[in-house]
Enquirer: 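Structure provided below as structure tokens; questions to follow.
So you know, we letter chains A, B, ... as the sequences are listed, proteins then strands, and number each from 1.
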There are 4 protein chains.
Amino acid sequence: MCSRSRPKPLRPGRPRSAEADTAILEATRAALVELGWSKLTLGDVAARAGVAKTTLYRRWAGKSELVVDAVAVLFDELELPDRGSLAADIEGVVLQFAALLQRPEARTALMAVVAESTRDEPLRERIRVSIVDRQKRLVLEGRARAQDRGELPAEPDPEAAARTADLIFDVIAGAVVHRALVSGGPVDEDWVRRFTAVLLGGLRAAAQTDGPTRNP
Amino acid sequence: MCSRSRPKPLRPGRPRSAEADTAILEATRAALVELGWSKLTLGDVAARAGVAKTTLYRRWAGKSELVVDAVAVLFDELELPDRGSLAADIEGVVLQFAALLQRPEARTALMAVVAESTRDEPLRERIRVSIVDRQKRLVLEGRARAQDRGELPAEPDPEAAARTADLIFDVIAGAVVHRALVSGGPVDEDWVRRFTAVLLGGLRAAAQTDGPTRNP
Amino acid sequence: MCSRSRPKPLRPGRPRSAEADTAILEATRAALVELGWSKLTLGDVAARAGVAKTTLYRRWAGKSELVVDAVAVLFDELELPDRGSLAADIEGVVLQFAALLQRPEARTALMAVVAESTRDEPLRERIRVSIVDRQKRLVLEGRARAQDRGELPAEPDPEAAARTADLIFDVIAGAVVHRALVSGGPVDEDWVRRFTAVLLGGLRAAAQTDGPTRNP
Amino acid sequence: MCSRSRPKPLRPGRPRSAEADTAILEATRAALVELGWSKLTLGDVAARAGVAKTTLYRRWAGKSELVVDAVAVLFDELELPDRGSLAADIEGVVLQFAALLQRPEARTALMAVVAESTRDEPLRERIRVSIVDRQKRLVLEGRARAQDRGELPAEPDPEAAARTADLIFDVIAGAVVHRALVSGGPVDEDWVRRFTAVLLGGLRAAAQTDGPTRNP
DNA sequence: GCATAAACGAGACGGTACGTCGCGTCTTCGA
DNA sequence: TCGAAGACGCGACGTACCGTCTCGTTTATGC
């Protein structure tokens, strides 16, 4: 119907190399593993990727944006296993997340770009779009599955449902990150079981009181 | 008999200036507010403090260590208000913590040093000692107060009590940080009430099930 | 067939700026005049030349090498005037040399780089190639002219001729430098006339005895 | 005959340590040998001498003054050997001087302080007094000895004698320094013989023409 | 089929901050 | 009063990256 820009570039001149993009992102992850965020340099990434610095700057505005793109894909590998119960499902995904946070490229990059984003609103938005909000699917999927199983009641108010989902997400993601990167304790089966017990207990308690009696 | 702390320096040579220390830490906080972590320069801090760069390097190994010391004092200002109930106490301290995370020097510094610490074990230890572990007092104090009020049962096993306190701390600190710095949503009264409800509900539920039947 | 010198750079990348070179060397001489060798700073030279410090370090290994290049051109301005007799020619060139040694950039630079070269063989070689040996042309030209005039006999042994030329050069350059920079006395017409008389007398005496009876 | 200042300090307080002075000068020479002028630091000298930096600054104004004092004594070791003829005497002292210029502390220090002195008149004076002029005794002694032997006629005009002695000194010192440190050729027996021949020939020729007919 | 126009590698460029070193001064204590 | 020890303000060092620029080269079209 209309001429879309994508299928054929329609722009004159040499098109950008797609291989360069993947090579750069791979090189970025490799450099993160070896050097960590603060010692990673764009010149080094370019050299690893076999690419000129200019090529890199043509595609990304800076180190932060590049790293966000480089690690975003890692977080998309998370998935919600079907272990038969809501508690088991949560425990499974939390363990996956903890494993991800043991990978050096993920742990060094995640905190660093969040730190940068405290003074850079577009970057914060990019992080949310590329990394964080994409994983809320896990919460939504977990709830839907629990409701199918009858473990959780249906939530009539969609707005309240969204608010609760956000809260759950903050609690899970925040607690696991804090445990893994700040407290430094292990995120092992025992910790996950105790955490999940608190979380689910809280959810059920809140579901009971939240509906009928908000202000007793 | 009298254990003297340090009546005479006992070290030869000119002693280090105590004023320089405070001036440097103040200057560091001011620079963090104006420039943020990534644009903060040790040379700039030295200039603000009216101090030579070498003086600064004589006392701190690098930017990270300096910033940890500079912001640690901010976190010590947190205190547990006595609002009459455990829920209200928690809500109060969480709001304080959220207010702290709105301060630009705290938000930009905290995530950044945690990011650095992912590749620097001594730094991680320093963060724990100077900032994080010191605030666990709030959790312990809150529980003690709640037990005095009869809101929580006494915990016979001290080891389990410590584990639970750590877990609570990770959940609270992690969730608030994630909400404030990653999700970007407001940490307002409504959010705090809902969060506290989940947390307390979870605690009570876990306390019931945890004691009698660990492995059903 | 035609050996082209360098029609195309053949090297990839942006070529070095030729203007930068001349600006740097000029700035170096200006800084030598104002500050002298020991207070001359590469950063200051870069600033005067409107050039980044890195550009300077890309081209020269250090202060000494830069200064050698900067002052070498001054010495190339020396020339042998034709005043009609060997004595007059020598007096003329010695006065020129003395005038050069009154220029602050030359006097401060020459001794300093020689001092550095006492522990730096490549630097000594650079000084010889760029400054010292180039001026031996004056001795050779003076002798040739004197031989044309019949003031000096032809020297059959070319090796002995070269040795003598080196000796003459050391005597002239050394005596003038010592007079001007160490003793501190004026290198005026009177001194030059007396010095030339000794030198030429010695040359003629040596020429007579040297030929027939080397080892009596 | 009354109270001289030296035998007892008469000044209140602790007198300065004489050992410190000699230790500092020795340490300076040792540091010159190892490091050369440009890498010699006063802090290093103080450490080698087992002395505090302040002690050093109390006695010398800076690096140049210290080094002048440290190497001056080396030049005092030169002496005019009695080899039976003026030519042989000159050859002997020139060889001694050349040997001195092979010592690393002498060669690096001499040119460096001369370079500094081009912009520092008090330093130039200090060099002259402590090092250069003291060695003119060699010229004077050589001439006196030659006159005793009848090799040289008596010089009636003492002012002209002084001027000639200065000239001889500039020629000898300048030529040897230039040969040894700039040209880089060996100052061996052959070179010394040829140099002496030119010098003495010039002296005799100048003595003949200079007296009766200045302007023929 | 051949000009066009963009992307590409290479690397020099003006900057900024780095962390270190030496200077010369000062402040403290002990001899 | 001097001396040792060492912290201090200062300023230059030489290096590393930054992000931009200017080259010559390559590579897909579209005239």
Enquirer: Nearest-Å distance, CG (Leu66(D)) to C1' (dG22(E))?
Expert: 15 Å
Enquirer: When the distance from CD of Glu19(B) to P of dA7(F) is rounded to whole Å, what number comes out?
Expert: 17 Å
Enquirer: Pick the nucleotide of DNA chain E nearest each of Leu40(B) and Thr41(D); which residue has the one closer to the 5' end?
Expert: Leu40(B)
Enquirer: Whole Å only: how far is the CG atom of Leu35(D) from the P atom of dC21(E)?
Expert: 14 Å
Enquirer: Expressed as a whole number of angstroms, how long is the span from Leu56(A):CG to dC17(F):P?
Expert: 15 Å
Enquirer: What is the separation between atom OH on Tyr57(C) and atom C1' on dA16(F), rounded to the nearest whole Å?
Expert: 13 Å
Enquirer: How about Val67(A) and Trp60(A): do any of their side-chain heavy atoms sit closer than 4.5 Å?
Expert: no
Enquirer: Under the salt bridge (Lys or Arg N to Asp or Glu O under 4.0 Å) rule, what do Arg48(A) and Asp44(A) come out as? Steps first, then yes or no, please.
Expert: CA-CA 6 Å; Arg48(A) 286 169 191 260; Asp44(A) 183 73; 2.6 Å; yes
Enquirer: Lys39(C) NZ to dC10(F) P: how many Å, rounded?
Expert: 18 Å
Enquirer: Checking the side chain of Thr108(A) only, and the main-chain atoms of Trp37(A) only, is there a donor and an acceptor separated by less than 3.5 Å?
Expert: yes
Enquirer: Taking the nucleotide of DNA chain F with the closest heavy atom to each, which residue, Leu42(A) or Asp44(C), is nearer the 5' end?
Expert: Asp44(C)
Enquirer: Walk along nucleotides 7-13 of chain E from 5' to 3' and tag each nucleotide B, S or - by protein heavy-atom contact under 4.0 Å, base first, then sugar-phosphate.
Expert: BBBBBBB
Enquirer: Can you confirm whether Asp69(D) sits close enough to Arg126(D) that some side-chain heavy atom of one is under 4.5 Å from a side-chain heavy atom of the other?
Expert: yes
Enquirer: Can you confirm whether Glu125(C) is buried at CD, in the sense that more than 12 heavy atoms of other residues, nucleotides or ligands lie under 6.0 Å from that atom?
Expert: yes
Enquirer: Please check this pair: side chain of Arg29(A) against backbone of Ala106(A), looking for a donor-acceptor N/O pair closer than 3.5 Å.
Expert: no
